[in-house]
Amino acid sequence: MNRMSFLSMSLLLAVLIIPGTIAFGEELKPIQLPKPQLDIGRPLMQVLKDRSSSRSFSNENLPAQVLSNLLWAAFGVNRPDAGKHTAPSARNWQEVDIYVAMAEGLYLYDAKNHVLKPVLSGDIRSITGRQDFVKDAPVNLIYVADFSKTGDATKDDKEIYSAADTGFISQNVYLFCASEGLATVVRGSIDREALGKAMKLRADQKIILAQTVGYPKK
Ligand SMILES: Cc1cc2nc3c(=O)[nH]c(=O)nc-3n(C[C@H](O)[C@H](O)[C@H](O)COP(=O)(O)O)c2cc1C
């Protein structure tokens with residue numbers, strides 16, 4: 001191979017391989033969560049005694065098993081035959097989606113399959129709230145009502161019920177965190193327009209609240 005064809009070949013390989021590598025690096029893959037551990041947890045009355053909001057988070061990541069347990073507690077399927085969940089929902093709409101913002105990207109929790117489905121690569125944690133700690137904590141849950149699931153309900157009913165349904169999920173997260181020694185705070189202080197844009201939400205999706213989860217800062 002002469003010098004010219006060697007150069008052209010190298011160039012061709014670079015064109016083919018380098019963009020492929022970058023695309024591969026950016027591509028977010030679904031995360032199949034391990035089975036939730038249903039035999040853990042402290043007694044309910046002690047957990048209720050310890051439930052609290054905390055705004056001080058370590059940047060340590062949550063292991064996959066902890067993330068799995070957390071999301072199952074939040075809104076996992078607890079009665080597979082009926083397709084029902086750990087939190088109630090008005091008219092069984094199941095209209096509140098849990099988006100999970102982590103350093104590597106944004107995912108959507110698919111409760112039926114207990115999978116995190118990729119939504120966007122890139123770190124949007126800092127946009128999930130107006131408080132500084134949101135960018136440091138490993139996980140920010142964003143509760144989004146999907147009004148395409150609420151049929152012909154009135155605007156009032158859609159808004160009241162989706163806020164209530166979010167509250168039940170959030171409390172499940174609070175109780176799980178209190179049981180497992182994790183820090184958490186539910187948050188309404190969000191620039192919803194900016195976050196909705198960053199998440200590429202549709203017009204019939206509404207951000208209700210967000211909730212930060214992580215290990216307490218030492
Ligand atoms: C709907 C709702 C919105 C909230 N929004 C925020 C918030 O944006 N930022 C924050 O730091 N705490 C927020 N909180 C947490 C409350 O400040 C907290 O629950 C309250 O101070 C009582 O403290 P405790 O949860 O430790 O009992 C919110 C709580 C609720 C229920």
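The basis for the numbers below is simple: all heavy atoms, side chains too, and nothing from hydrogens, waters or symmetry mates. Remember, it's 1-based here, ligands and their atoms both numbered in the order they're listed.
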In terms of residue, atom name and distance, what is the protein heavy atom nearest to [atom]?
{"atom": "atom 9 (N) of ligand 1", "value": "Gln131 OE1, 2.9 Å"}
{"atom": "atom 8 (O) of ligand 1", "value": "Ser189 N, 2.8 Å"}
{"atom": "atom 23 (O) of ligand 1", "value": "Ser53 OG, 4.0 Å"}
{"atom": "atom 11 (O) of ligand 1", "value": "Arg55 NE, 2.5 Å"}

Charged N to carboxylate O under 4.0 angstrom, Asp136 versus Lys217?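 A salt bridge is absent here (no side-chain N lies under 4.0 Å from a carboxylate O).
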Would you compute the distance between atom CD of Gln32 and atom NE2 of His114 and round it to the nearest 0.5 angstrom?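 That separation rounds to 8.0 Å.
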Which of the ligand 1 atoms, numbered from 1, are nearer than 4.0 Å to a heavy atom of Ser52: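 Reading through ligand 1 atom by atom, the close ones are 26 (O).
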Subset of ligand 1 atoms that lie under 4.0 Å from at least one heavy atom of Gly188: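 Ligand 1 atoms under the 4.0 Å threshold to Gly188: 3 (C), 4 (C), 5 (N), 6 (C), 7 (C), 8 (O).
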Please answer: with hydrophobic residues joined when any side-chain heavy atoms are less than 4.5 Å apart, are Phe75 and Val144 in the same cluster?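 No, Phe75 does not connect to Val144 through the hydrophobic network.
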Looking only at heavy atoms, is any part of Val186 under 4.0 Å from ligand 1, and if so is it the side chain, the backbone, or both, or is it neither?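 It is both parts that get close, each with some atom under 4.0 Å.
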Mind checking whether Arg51 contacts ligand 1 via backbone (N, CA, C, O), side chain (CB onward), both or neither, at a 4.0 Å heavy-atom cut-off?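 It is the side chain that gets close, since no backbone atom is under 4.0 Å.
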Gln211 and Ser170: side-chain hydrogen bond (donor to acceptor under 3.5 Å, both in side chains), yes or no, with the steps? CA-CA 7 Å; Gln211 185 158 7; Ser170 165; 3.0 Å; yes
Take Asp191 and Ile127 through the side chain to side chain contact (heavy atoms under 4.5 Å, CB included) test and state the conclusion after the steps. CA-CA 8 Å; Asp191 179 342; Ile127 315 170; 6.0 Å; no
Got a protein heavy atom sitting under 4.0 Å from atom 3 (C) of ligand 1?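 It does: a protein heavy atom is found less than 4.0 Å away from atom 3 (C) of ligand 1.
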Determine if the distance from atom 20 (C) of ligand 1 to the closest protein heavy atom is below 4.0 Å.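 No, because not a single protein heavy atom sits under 4.0 Å from atom 20 (C) of ligand 1.
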Are the side chain of Gln65 and the backbone N or O of Leu33 linked by a donor-acceptor pair below 3.5 Å?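 Checked: no pair found.
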Any donor-acceptor pair under 3.5 Å linking the side-chain atoms of Tyr143 with those of Ser162?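 No, Tyr143 and Ser162 have no side-chain donor paired with an acceptor closer than 3.5 Å.
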